[in-house]
Amino acid sequence: MGTPSAISGNVMSAPSLSSFMSASLPKDASPQLKTAYDAVALASHAALLATGFRLVGLGEEHRLEVSADSAQPHILPSEWNSHAGSYAFRYKHSQSSMEYLLKVNRMGNKAVIMGMGMGDDKTHTFDVKISDFISEGNLPASPARDADNNEEDLLERLGAIFITVGRLSDFGSLFRLNIIQKLIPSLQKDGYQETP
């Protein structure tokens, strides 16, 4: 399976997001995705990685040991989903001096996705109804470990979790419009285009 940085075309497409999702999952976790909210949080994380953000911590205080090779996505710490229904990630981006906070929280049958630049104090939010995006009957799952080490199989497994591959791409579009374009307007990244 190729590295996520090798994906060409639209970085917010299902193939690109699934590649970043797979590369981010802790390989020894069983299952890798326990709930529908894990899947939404992982897709949110993948969308930021796909646009050049790099993970520097879980939450506002937690810090990760960041490797010198920032081109390779950091595998999520095993505790990334230890608080079911509540996820927090902190990022940096080479086009900004700020750090960014991403939170995904369960509210009833919805996932609320929130982003902000730390120090900017402007929050950007959208929500998705879980049943519109996730096929909960396909969870728990370990898509990265169970795939036959090829992109098509991985895309099919993640597509089944996200109802269809198209729904994962739809999520990527919503995330770009509601979070990324608000956090870093005019972001420059190959394969990334802002929606007017």
Side-chain angles (χ1 to χ4, degrees), residues 4 17-51 53-67 72-93 98-146 157-158 160-163 167-168 171-172 174-176 178-180 182-183:
L17 292 177
S18 65
S19 184
F20 281 99
M21 290 167 74
S22 173
S24 297
L25 284 168
K27 304 300 181 226
D28 58 347
S30 185
Q32 292 174 321
L33 296 173
K34 300 172 194 163
T35 70
Y37 302 93
D38 282 4
V40 171
L42 181 64
S44 299
H45 170 69
L48 287 177
L49 292 181
T51 51
F53 288 82
R54 72 183 191 288
L55 184 68
V56 296
L58 296 179
E60 297 182 41
E61 305 299 323
H62 180 266
R63 291 257 178 228
L64 292 174
E65 295 292 324
V66 180
S67 67
Q72 290 298 317
H74 199 288
I75 293 175
L76 288 167
S78 58
E79 70 271 18
W80 77 275
N81 61 350
S82 61
H83 303 289
S86 181
Y87 312 84
F89 309 93
R90 198 172 64 259
Y91 301 87
K92 286 187 152 228
H93 197 283
M98 284 201 298
E99 287 192 355
Y100 298 90
L101 186 63
L102 172 72
K103 290 190 175 189
V104 178
N105 290 319
R106 176 182 184 169
M107 290 191 74
N109 63 353
K110 290 189 173 191
V112 179
I113 298 99
M114 302 167 280
M116 72 178 278
M118 309 235 345
D120 180 26
D121 296 333
K122 291 180 186 171
T123 57
H124 310 287
T125 305
F126 77 104
D127 60 72
V128 294
K129 185 176 177 185
I130 289 296
S131 62
D132 288 348
F133 286 87
I134 306 294
S135 176
E136 292 190 73
N138 290 325
L139 292 165
S142 294
R145 193 174 54 240
D146 295 341
R157 288 179 183 279
L158 287 167
I161 292 168
F162 275 83
I163 300 176
R167 292 311 282 163
L168 180 54
F171 180 82
L174 285 170
F175 195 91
R176 178 190 67 231
N178 293 291
I179 301 294
I180 295 171
K182 307 284 170 98
L183 293 178

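In this text the structure is predicted, and so the values were computed from the model without any measurement. Throughout, residue positions are numbered sequentially from 1 according to the sequence presented. Just so it is clear, the values below take in all heavy atoms, side chains as well, and ignore hydrogens, waters and symmetry mates.
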With side chains defined as the heavy atoms from C-beta onward, is the minimum distance between M21 and L168 less than 4.5 Å? yes
Going by the rule side-chain hydrogen bond (donor to acceptor under 3.5 Å, both in side chains), which residues pair with S86 if we only count those two or more places apart in sequence or in a different chain? N105
Look up atom OH in Y100 and atom NE2 in H124, then write down how far apart they are to the nearest 0.5 Å. 9.5 Å
Here the pair of heavy atoms bringing L158 nearest to S18 is CD1-CB, 3.3 Å
Non-hydrogen side-chain atoms of L102 and M114 separated by less than 4.5 Å: no
How many angstroms lie between atom OG of S22 and atom CG of L17, to the nearest 0.5 angstrom? 12.5 Å
Quiz: residues 134-141 side-chain donor-acceptor pairs under 3.5 angstrom, not counting sequence neighbours:
residue, atom, partner, partner atom, Å
S135, OG, N138, ND2, 3.3
N138, ND2, A160, O, 2.8

Looking at every non-hydrogen atom in both residues, tell me the closest pair between A111 and I130 and how far apart they are. CB-CD1, 4.0 Å
OG of S131 to CD1 of I163, rounded to nearest 0.5 Å, is 7.0 Å
Under 3.5 Å: donor-acceptor pair, side chain of T51, backbone of L48: yes
Between I113 and T125, is there a side-chain heavy-atom distance shorter than 4.5 Å? no
Could you work out, with side chain to side chain contact (heavy atoms under 4.5 Å, CB included) as the rule, every residue matching T123, not counting sequence neighbours? M116
Once the angle between the rings of F53 and H93 is folded into 0 to 90°, is it parallel (under 30°), tilted (30 to 60°) or perpendicular (over 60°)? perpendicular
Which atom of L49 lies closest to which atom of S24, heavy atoms considered: CD1-OG, 3.3 Å
Side chain proximity check, S142 to L33, heavy atoms < 4.5 angstrom: no
Is there side-chain contact between F175 and I180, with at least one heavy-atom pair below 4.5 Å? yes
Can you list every pair that meets salt bridge (Lys or Arg N to Asp or Glu O under 4.0 Å) and has a residue in residues 76-89, with sequence neighbours left out? none
Residue pairs passing the ring pair (Phe, Tyr, Trp, His ring centres under 6.0 Å) test where at least one lies in residues 103-123, sequence neighbours excluded: none
Distance under 6.0 Å and angle within 45° of ring axis: R167 vs F133: yes
Is a side-chain N or O of S44 found less than 3.5 angstrom from the main chain of V40, in a donor-acceptor match? yes
Taking C-beta and beyond as the side chain, do V112 and V104 meet within less than 4.5 Å on heavy atoms? no
Show the nearest heavy-atom pair for residues P77 and L58, with the distance to one decimal. CG-CD1, 3.7 Å
Decide yes or no for W80 and P26: does some side-chain heavy atom of the first lie under 4.5 Å from some side-chain heavy atom of the second? yes
Quick one: which residue pairs count as a salt bridge (Lys or Arg N to Asp or Glu O under 4.0 Å) with a foot in residues 98-112, not counting sequence neighbours? E60-K103, R63-E99, R90-E99, K110-D127
Tell me, please, which residues at least two apart from N81 pass side chain to side chain contact (heavy atoms under 4.5 Å, CB included). K34, D38, Y87
For the student: nearest non-hydrogen atoms of G115 and I179, plus distance: N-CD1, 3.8 Å
By ring pair (Phe, Tyr, Trp, His ring centres under 6.0 Å) - contacts of F89 (at least two apart): H45
Set of residues satisfying ring pair (Phe, Tyr, Trp, His ring centres under 6.0 Å) with respect to Y37, sequence neighbours excluded: none
